[in-house]
Structures are given as C-alpha cells and as structure tokens.
**Q** 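The following block contains the structure, expressed as structure tokens.
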Amino acid sequence: MAAKAELISNSVQEMALNGKEPPVKYFCKGNDVGVLDASVPLIDIPVVDLGLLTSPSTSAQELEKFHLAVSSRGCFQVVNHGMTSSFLDKIRDVSKRFFALSMEDKQKYSREAGSIEGYGNDMILSDHQTIDWSDRLYLTISPEDQRKIKFWPENQKDFRETLNEYTMKLQEINEKLLRAMAMSLNLEESSFLDQYGERPLVASRFNFYPPCPRPDRILGVKPHADASAITFLLQDKEVEGLQFLKDNQWFRVPIIPQALLINVGDQVETMSNGIFKSPVHRVVTNTEKERNTLAVFCIPES
Ligand SMILES: O=C(O)CCC(=O)C(=O)O
Ligand SMILES: [Fe+2]
C-alpha cells in the first residue's frame, strides 16, 4: 500500500491574522500547558564568559561554573563570545524581515512534503498529532554541499551573508565548548571532538511565533529535548517564551539580549555517559506579541 502523503498545514501566521478560534489540532491534550505568567519561576541559569573559559589564566574557576551548568541543568547563557550586540541584532533583523514578507513571497521557499528543509511548520505524521503554534524556516548550513540554496531567501541582500558569518562563528564556539566539556571531566581536551566526525552537520531553524488567542491550551513548541550535540539559541530580545523542565517543574528562561542561550543535546548526553544533561524544554505562547528566535543545531557526523 502506498504511504499516505503528508498533509501540509496552513501557516500559523495566516491563522493568527484571521482571528478565528484555532482548530483543535493545535490544542494540547491533558494539562500540559502553562500560561506565561509570574507563577512560573525564573530558572537560575549560569552565565558563562567564553573569554574567561578559554584563557589559560582564568579557565579553572569558569570551568567549574560551566561544568555545574552542563551537568545539572544542561543549559547556560554565554557572553563574551566574540560577536557584537549589533551583529546579533542584524541576525534578528534578517529573521524578522523574512517572516514579514508577503505569504506569496515566503511560499517560494515552502518545504516539500516529507522534508523539513525550507519554510513551513510541523510535519504531520498522524491525525492525532498536536501541532505547534509556530512557523519556521529550516536550512542546512553544513556540510556546504548539503545546502539547498533554493530555500535560502534571495531577495534579502544580506540574509545569506549574515547567516553564513553567524554560523561560522558558532562552529568555532561549538569547538571551544566541546573542548571545555572534555576538560571539565579531566579528559583529553580533544576527546569529544575526536568522536565528532569529519562532516558534522549544522542546521538552522528560524522560529516565528505569532500571537496566539489560546495560550492557556496552545504551545509554541511541545516539550522535547534536542537531538543535537549542542544547540545555540538566539532569543527574541523582548518576548519570553522558552521554559525548561527541572525536577518536574517548568522554569522560564530570562532574556539577556547580548547572550547566546546554549543547551546540551542528546548527542552530548550520550557522549558524556549521561553526566551532561539534554534538558526537556518547551515554548509557551502569548496573546499580544509575536516572538522570533533562531536555533542552530550542531550535530556530529551520523
Ligand atoms: O524558540 C525557542 O525558544 C526554542 C526553540 C526550540 O526549542 C527548538 O527550535 O528546538
Ligand atoms: Fe529545542
């Protein structure tokens, strides 16, 4: 029997504009939704200074903080990473400009059924699936011969250059973090990198969360852990939404505009024999403000 063709949903952005009650397929089942309000406590998330972490004279103390962050929570914010605030704003800006294009223009980059590459939203794999309240642009960055350039917006002059520059920088930071992880376990500095492969994967996911009429029942992203080694998240500068699960309780992530939020993915949890944790996280919605984030997933060669 032929496989059932995947159905592709309408964009969430369009649905948010029509103002009607969202279809039930967006509603979470059970009680696993939380409103973004002050009753969800802020997570006490460490801020790691990358300059201190990688300097021979200051690394010991910073390494201890880093080790605690990746082994207890699996997430931290990194500052002094070598990118200016205005460069981070430029990335946020190219992302906003993409989602601000007309629907017709965005649809030129629409993903195809059965593939995540391009513009779209959740893959529909079952009639019972709960769909996330977000639209995305998913692009493979590395290896370069795997790029599908037809999905890279071309009418925004600096989109390609900016994304290229940003992800090159993240790959350098990724390497530094993998070295620091090994050092914090008293292992040979290159022991994680040695397992990382010659052709690791880097993929970017621009996330757009329109205002949602039912934040009491609808999530921007369902609870999940990332399959990456390390995920870099550039948060929206103004609008919160990301929450981490710790000891069965959800915690909000604070915004530090000039920082990158980093979380350990399943690959690093495995490579570290479970010492470093790949945390479960989710994104909540709100009725008033749209939210833009950019997740970059660094993944070892399969
Ligand atoms: O947008 C966010 O805050 C998080 C997105 C996320 O978890 C993901 O893309 O895997
Ligand atoms: Fe995630």
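Atoms within a ligand are numbered from 1 in the order they appear, just like the ligands themselves.
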**Q** Below 4.5 Å, heavy atoms only, C-beta onward: do Arg92 and Leu88 meet side chain to side chain?
**A** yes

**Q** So Pro215 and Thr287, do their side chains get closer than 4.5 Å, heavy atoms only?
**A** yes

**Q** Relative to the Fe ion (ligand 2), which of the N, O or S atoms in Asp226 is the closest?
**A** OD1

**Q** Taking the ring centre of each residue, are Phe232 and Tyr166 less than 6.0 Å apart?
**A** no

**Q** List by chain and number: which residues place a heavy atom under 4.0 Å from ligand 1?
**A**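 Arg205, Asn207, Tyr209, His224, Asp226, Leu233, Leu242, His281, Val283, Arg291, Thr293, Ala295, Phe297.
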
**Q** Over 60° means perpendicular and under 30° means parallel, so classify the ring planes of Phe206 and Phe159, tilted if in between.
**A** tilted

**Q** Group every Ile, Leu, Val, Met, Phe, Trp and Tyr by side-chain heavy-atom contacts under 4.5 Å, then state whether Val70 and Val280 land in the same group.
**A**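 No, because Val70 and Val280 fall into different hydrophobic clusters, even though each may have its own neighbours under 4.5 Å.
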
**Q** Ignoring hydrogens and angles, state whether a donor on the side chain of Ser134 or Arg136 is under 3.5 Å from an acceptor on the partner side chain.
**A**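 On atom types as modelled, these side chains qualify, holding a pair under 3.5 Å.
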
